[in-house]
Engineer: 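Got a structure here, written out as structure tokens. Questions coming.
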Amino acid sequence: MTSGALKPGETHLGLVRRARRMHRALTAAHVDAHCELDFTSPLELLVATVLSAQTTDVTVNRVTPALFARYPDAPAYAGADRTEMEEILRPTGFYRAKTNSVISLGQALVETFGGEVPGRLEDLVTLPGVGRKTANVVLGNAFGVPGITVDTHFGRLTRRWAWTASEDPVQVEKEVGELIERKDWTMLSHRVIFHGRRVCHARKPACGACSIAKDCPSAGIGETDPVKAAKLVKGPEADHLLALVGLER
């Protein structure tokens with residue numbers, strides 16, 4: 001049994017049913033959920049994900065076109081001029097450390113995997129700077145292998161929803177994986193992250209404009225007035241999200 005059943009009086013079966021109801025509602029709410037990093041190959045996604053640490057996907061997407069054009073494959077990264085790459089990566093922050101990571105990543109791919117990105121989690125996590133989160137992003141979005149990506153939003157929301165009590169990303173991945181069917185893991189990750197960025201904000205969630213509020217044990221910790229909550233909803237699909245709960249801006 002998972003230890004995530006935190007809602008008072010809720011059985012494990014009740015938790016599974018509630019989690020799956022919430023996922024169905026998230027599916028209806030975030031119809032355009034997707035990986036927000038731009039890429040055309042497993043290598044591009046791997047590098048972009050490594051670069052996304054401590055910055056936004058928008059910033060990474062501004063930098064990667066020039067990066068990918070200059071370094072089209074793993075050998076190019078492995079033999080890159082450090083100063084030149086640092087200038088390209090400067091806008092992402094921590095650019096010296098990220099340059100080290102990307103060059104080391106290219107070298108490891110060349111030396112161990114023939115220059116190709118491996119399609120197995122146990123291989124990906126041996127690469128410099130690649131943990132389970134990055135590996136699951138690559139597996140789910142570049143290889144079609146279901147994986148749960150536990151980033152800041154995912155951990156925060158699943159704890160808020162009492163799907164888990166754990167702060168450990170590996171344990172969160174395990175416990176949530178027991179609630180949601182494996183085939184849905186990759187898209188679940190996108191939908192939860194979208195919800196965290198658009199509705200269930202860290203400091204002031206838009207509870208009064210949330211389509212899963214009825215199943216959320218934390219409903220009410222944020223703005224409950226529907227009109228005020230509607231103003232907190234972000235993103236280009238805000239009108240759709242508000243329509244689901246009978247609101248408009």
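Since the model is a prediction, treat every value here as computed from it, not as a measurement. Side-chain atoms are counted along with the backbone in the values below, which use heavy atoms only and exclude waters and symmetry mates. Sequence positions, counted from 1, serve as the residue numbers for this chain.
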Engineer: Got a donor-acceptor contact below 3.5 angstrom from the Lys228 side chain to the Glu223 backbone?
Structural biologist: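 Here the side-chain-to-backbone pair does not exist.
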Engineer: So, does Arg160 use its side chain to make a donor-acceptor pair with the main chain of Ala202 at under 3.5 Å?
Structural biologist: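 Confirmed, Arg160 side chain pairs with Ala202 backbone.
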Engineer: Does Glu178 pair with Lys174 as a salt bridge, N-O distance under 4.0 Å?
Structural biologist: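 Looking at Glu178 and Lys174, the cut-off is met.
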Engineer: Applying salt bridge (charged side-chain N to carboxylate O under 4.0 Å, His left out) to Arg70 and Glu87, what does each step give before you reach the verdict?
Structural biologist: CA-CA 12 Å; Arg70 180 66 182 85; Glu87 284 307 305; over 6 Å; no
Engineer: Thr55 versus Lys98: any side-chain heavy-atom pair under 4.5 Å?
Structural biologist: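 Result yes, sub-4.5 Å side-chain heavy-atom pair found.
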Engineer: Whether the side chain of Asp215 engages the backbone of Arg18 through a donor-acceptor N/O pair (distance < 3.5 Å, no angle test) should be reported.
Structural biologist: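 Such a contact is absent between Asp215 side chain and Arg18 backbone.
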Engineer: Assigning hydrophobic clusters by single linkage (Ile, Leu, Val, Met, Phe, Trp, Tyr; side-chain heavy-atom cutoff under 4.5 Å), is Val102 placed with Phe113?
Structural biologist: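 Yes, one cluster joins them.
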Engineer: In sequence, state the C-alpha distance, the side-chain angles, and the governing distance for Val117 and Leu124, and then conclude on side chain to side chain contact (heavy atoms under 4.5 Å, CB included).
Structural biologist: CA-CA 8 Å; Val117 176; Leu124 283 166; 3.8 Å; yes
Engineer: If we ignore angles and hydrogens, is there a donor and acceptor under 3.5 Å between the side chains of Glu175 and Thr164?
Structural biologist: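 Glu175 vs Thr164: donor-acceptor pair found between side chains.
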Engineer: With rounding to the nearest 0.5 angstrom, report the CG to CG distance, Leu179 to Asp184.
Structural biologist: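 One gets 12.5 Å once the value is rounded to the nearest 0.5 Å.
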Engineer: Counting only heavy atoms not in Phe143 (residues, nucleotides, ligands), do more than 12 fall under 6.0 Å from its CZ?
Structural biologist: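 Yes, the 6.0 Å shell around CZ holds more than 12 heavy atoms from other groups.
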Engineer: Taking atom CZ as the centre, does Arg21 end up with more than 12 heavy-atom neighbours from other residues, nucleotides or ligands that are less than 6.0 angstrom away?
Structural biologist: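 Yes, the 6.0 Å shell around CZ holds more than 12 heavy atoms from other groups.
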Engineer: Could you check whether any side-chain heavy atom of Leu43 comes within less than 4.5 Å of a side-chain heavy atom of Leu109, counting everything from C-beta outward?
Structural biologist: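 Yes - at least one pair of side-chain heavy atoms lies under 4.5 Å apart.
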Engineer: Judged by atom type as modelled, is there a donor-acceptor pair below 3.5 Å linking the side chain of Arg159 to the main-chain atoms of Ser166?
Structural biologist: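 Between the backbone of Ser166 and the side chain of Arg159 there is a qualifying donor-acceptor contact (under 3.5 Å).
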Engineer: As an exercise, state the distance from CZ of Arg82 to CG of Leu89, rounded to the nearest 0.5 Å.
Structural biologist: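 The CZ atom of Arg82 sits 11.0 Å away from the CG atom of Leu89.
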Engineer: Any sub-3.5 Å donor-acceptor pair from Lys133's side-chain atoms to Asp151's backbone N or O?
Structural biologist: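 Side chain of Lys133 to backbone of Asp151, a donor-acceptor pair under 3.5 Å: no, none is there.
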Engineer: For the pair Thr134 (side chain) and Thr49 (backbone), establish whether a donor and an acceptor sit closer than 3.5 Å, ignoring hydrogens and angles.
Structural biologist: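 No: the side chain of Thr134 does not pair with the backbone of Thr49.
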Engineer: Out of curiosity, Met22 CE to Thr158 OG1, how far, rounded to the nearest 0.5 Å?
Structural biologist: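 Interatomic distance, Met22 CE to Thr158 OG1, rounded to 0.5 Å: 10.0 Å.
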Engineer: Is there a continuous path of hydrophobic side-chain contacts, each under 4.5 Å between heavy atoms, that joins Ile103 to Tyr95?
Structural biologist: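 Ile103 and Tyr95: one cluster.
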Engineer: Check the pair Ile212 / Val199 against side chain to side chain contact (heavy atoms under 4.5 Å, CB included), numbers first and verdict last.
Structural biologist: CA-CA 10 Å; Ile212 61 172; Val199 181; over 6 Å; no
Engineer: Do Val245 and Pro226 have side chains that get closer than 4.5 Å, going by heavy atoms?
Structural biologist: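 They are not in contact (no side-chain heavy atoms under 4.5 Å apart), so the answer is no.
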Engineer: Side chains of Thr99 and Thr83: closer than 4.5 Å at any heavy-atom pair?
Structural biologist: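 They are not in contact (no side-chain heavy atoms under 4.5 Å apart), so the answer is no.
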Engineer: Tell me, with the steps shown, if Val145 and Arg182 meet side chain to side chain contact (heavy atoms under 4.5 Å, CB included).
Structural biologist: CA-CA 10 Å; Val145 177; Arg182 185 174 185 273; 4.1 Å; yes
Engineer: Which atoms form the tightest heavy-atom contact between His195 and Cys210, and what is the distance?
Structural biologist: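 Smallest heavy-atom distance, with atoms named: NE2-SG, 3.4 Å.
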Engineer: For Glu122, is there any backbone N or O sitting under 3.5 Å from a side-chain donor or acceptor partner on Thr126?
Structural biologist: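 The answer is no, because no donor-acceptor pair under 3.5 Å joins these two groups.
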Engineer: Would you say the side chain of Ile88 lies within less than 4.5 Å of the side chain of Tyr71, judging by non-hydrogen atoms?
Structural biologist: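 Side-chain contact under 4.5 Å: yes.
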Engineer: Between Val125 and Leu105, is there a shared hydrophobic cluster once you connect ILVMFWY residues whose side-chain heavy atoms come closer than 4.5 Å?
Structural biologist: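 Same cluster: Val125 reaches Leu105 through Ile, Leu, Val, Met, Phe, Trp or Tyr contacts under 4.5 Å.
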Engineer: Could you report the tightest heavy-atom contact between Asn61 and Pro65, atom names first, then the distance?
Structural biologist: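 Looking at all heavy atoms of both residues, the shortest contact is O-CD, 3.1 Å.
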Engineer: Would you call Asp57-Arg197 a salt bridge at under 4.0 Å N-O?
Structural biologist: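 Looking at Arg197 together with Asp57, the answer is yes, because their closest N to O distance falls below 4.0 Å.
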Engineer: Answer with yes or no whether the side chains of Arg20 and His23 bring together a donor and an acceptor at under 3.5 Å.
Structural biologist: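 No - no donor-acceptor pair under 3.5 Å links their side chains.
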Engineer: Are the side chain of Thr64 and the backbone N or O of Val60 linked by a donor-acceptor pair below 3.5 Å?
Structural biologist: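 Indeed, once roles are kept as given, a pair shorter than 3.5 Å links the two residues.
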Engineer: Hydrophobic clustering (ILVMFWY, side-chain heavy atoms < 4.5 Å, transitive) - are Phe194 and Leu188 grouped together?
Structural biologist: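 No; tracing contacts between hydrophobic side chains, which count when under 4.5 Å, never links both residues.
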Engineer: Measuring from atom CD1 of Ile193 to atom SG of Cys200, what distance do you get when rounded to the nearest 0.5 angstrom?
Structural biologist: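 Here the rounded value is 13.0 Å.
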Engineer: Taking all heavy atoms of Val50 and all of Ser101, pick out the closest pair and write down the distance.
Structural biologist: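 Taking every non-hydrogen atom into account, CG1-CB, 4.1 Å.
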Engineer: Does atom CD of Glu84 have more than 12 heavy-atom neighbours from other groups under 6.0 Å away?
Structural biologist: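 Buried by this count: over 12 neighbours within 6.0 Å.
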Engineer: Leu51 vs Leu67, test: side chain to side chain contact (heavy atoms under 4.5 Å, CB included). Steps then yes/no.
Structural biologist: CA-CA 11 Å; Leu51 296 179; Leu67 184 74; 3.7 Å; yes
Engineer: Working to the nearest 0.5 angstrom, can you tell me the gap between Thr186 OG1 and His34 NE2?
Structural biologist: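 It comes to 14.5 Å.
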Engineer: Taking atom types as modelled, find out whether His190 and His30 have a side-chain donor-acceptor pair closer than 3.5 angstrom.
Structural biologist: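 Note: His190 and His30 side chains miss the donor-acceptor criterion.
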Engineer: Less than 4.5 Å apart, any side-chain heavy atom of Tyr77 and any of Met85?
Structural biologist: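 Yes, their side chains come closer than 4.5 Å.
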Engineer: Drop me the distance from Asp225's CG to Cys207's SG, to the nearest 0.5 angstrom.
Structural biologist: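 Output value for this atom pair is 12.0 Å.
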Engineer: Are Trp185 and Val150 co-members of a hydrophobic cluster defined by side-chain heavy atoms under 4.5 Å apart?
Structural biologist: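 Same cluster.
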Engineer: So, for Ala135 and Leu121, which heavy atoms are closest and what is the spacing to 0.1 Å?
Structural biologist: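 Distance-wise, the nearest heavy atoms are CB-CG, 4.3 Å.
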Engineer: State, to 0.1 Å, how close Leu45 and Val138 come at their nearest heavy-atom pair, and which atoms those are.
Structural biologist: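 Minimum heavy-atom contact is CD2-CA, 3.8 Å.
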Engineer: Sub-3.5 Å donor-acceptor pair from the side chain of Asn136 to the main-chain atoms of Ile148, do we have one?
Structural biologist: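 It does hold such a pair.
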Engineer: What are the two closest heavy atoms between Phe68 and Asp38, and how far apart are they?
Structural biologist: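 Heavy-atom minimum between the residues: CE1-O, 3.9 Å.
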Engineer: Are any of the side-chain heavy atoms of Thr27 and Arg191 separated by less than 4.5 Å?
Structural biologist: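 Yes, side chains in contact.
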